[in-house]
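Nothing fancy with the numbering, it's 1 onward along the sequence. Both ligands and their constituent atoms are indexed starting at 1 by order of listing.
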Amino acid sequence: MTKKVRTAVLISGRGSNLAALIAACRDKDFPAEIVLVISNVETAEGLSVAAAAHISARTISHKAYATREDFDSAIDAALSEADIALICEAGFMRIHSDVFVRKWQGRMLNIHPSLLPAFKGIRVHQQVIDAGVRISGCTVHFVVPELDSGPIIAQAAVPVYPEDTPATLQARVLVEEHKLYPAALRLVAEGKVVLRDGKAVLL
Ligand code: GRF
């Protein structure tokens, strides 16, 4: 098969989506490979996920930089050094500078645990429960400067039950996230979905 697309995953925590992406990449026919994991948090569990899979992983703490731009420059330098072509954000809890987002536009994906454009931001499952909606889910989208607002590549839905807590809903959504993110990465790595005129276009 043709050369795999060199992909980096940015994390801040648990890394269950990272694990799902790594698992998908083990398939010899998968079009992408995870070659670098960057965390902004030194204690992120996802760093052990990367280490166990023998993937190069490093911490770049936002606390070491005076500005968002400086932090993003350090990330960008690490990405360049590893010859990265695609970025997957998976629970990465920092907002990027516009300059970084523009540079990576069309080549940076994020996963969010709701059916965007509903329920952006944080404490998403609590927002969903508070709103009383009956369906939630997850979204993989291209990253644009405005938070959780980029063109949608793929979505999956789950039911919301009256007895749900944020934890039970999160568990149900995560099962779908772990299938959706590899599927979306595949589409982008194969060039079957591209960002064009502000939309994710299926070719
Ligand atoms: C996921 O729910 C993802 O949608 C959101 O952050 C969470 C990260 O979980 N952006 P994990 O670190 O991948 O387990």
More than 12 non-hydrogen atoms from neighbouring residues, nucleotides or ligands closer than 6.0 Å to CD on Gln126, yes or no? yes

Stepwise, does the side-chain contact (heavy atoms from CB on, under 4.5 Å) test hold for Val188 with Leu86? CA-CA 9 Å; Val188 175; Leu86 271 182; 3.8 Å; yes

When you measure from the heavy atoms of Ile111 to every atom of ligand 1, does any distance fall below 4.0 Å? yes

Which of the atoms in ligand 1, numbered in the order shown and given with their element, are less than 4.0 Å from a heavy-atom of Pro113? 2 (O), 4 (O), 5 (C)

Of all the non-hydrogen atoms in the protein, which one sits nearest to atom 8 (C) of ligand 1, and at what distance? Gly91 CA, 3.6 Å

Determine whether the side chain, the backbone, both or neither of His112 has a heavy atom under 4.0 Å from any heavy atom of ligand 1. backbone

Near Glu42 CD, under 6.0 Å, is it more than 12 heavy atoms from other residues, nucleotides or ligands? no

Gly15 touching ligand 1 at heavy-atom level, < 4.0 angstrom: yes

When distances are taken from atom 9 (O) of ligand 1, the protein heavy atom at minimum range is Arg14 NH2, 2.9 Å

Nearest-0.5 Å distance, CD1 of residue Ile34 to SG of residue Cys25: 4.0 Å

Quick one: do the His96 and Glu89 side chains pair a donor with an acceptor below 3.5 Å? yes

Taking distance alone, with no angle check, do Asn17 and ligand 1 share an N/O pair under 3.5 Å? yes

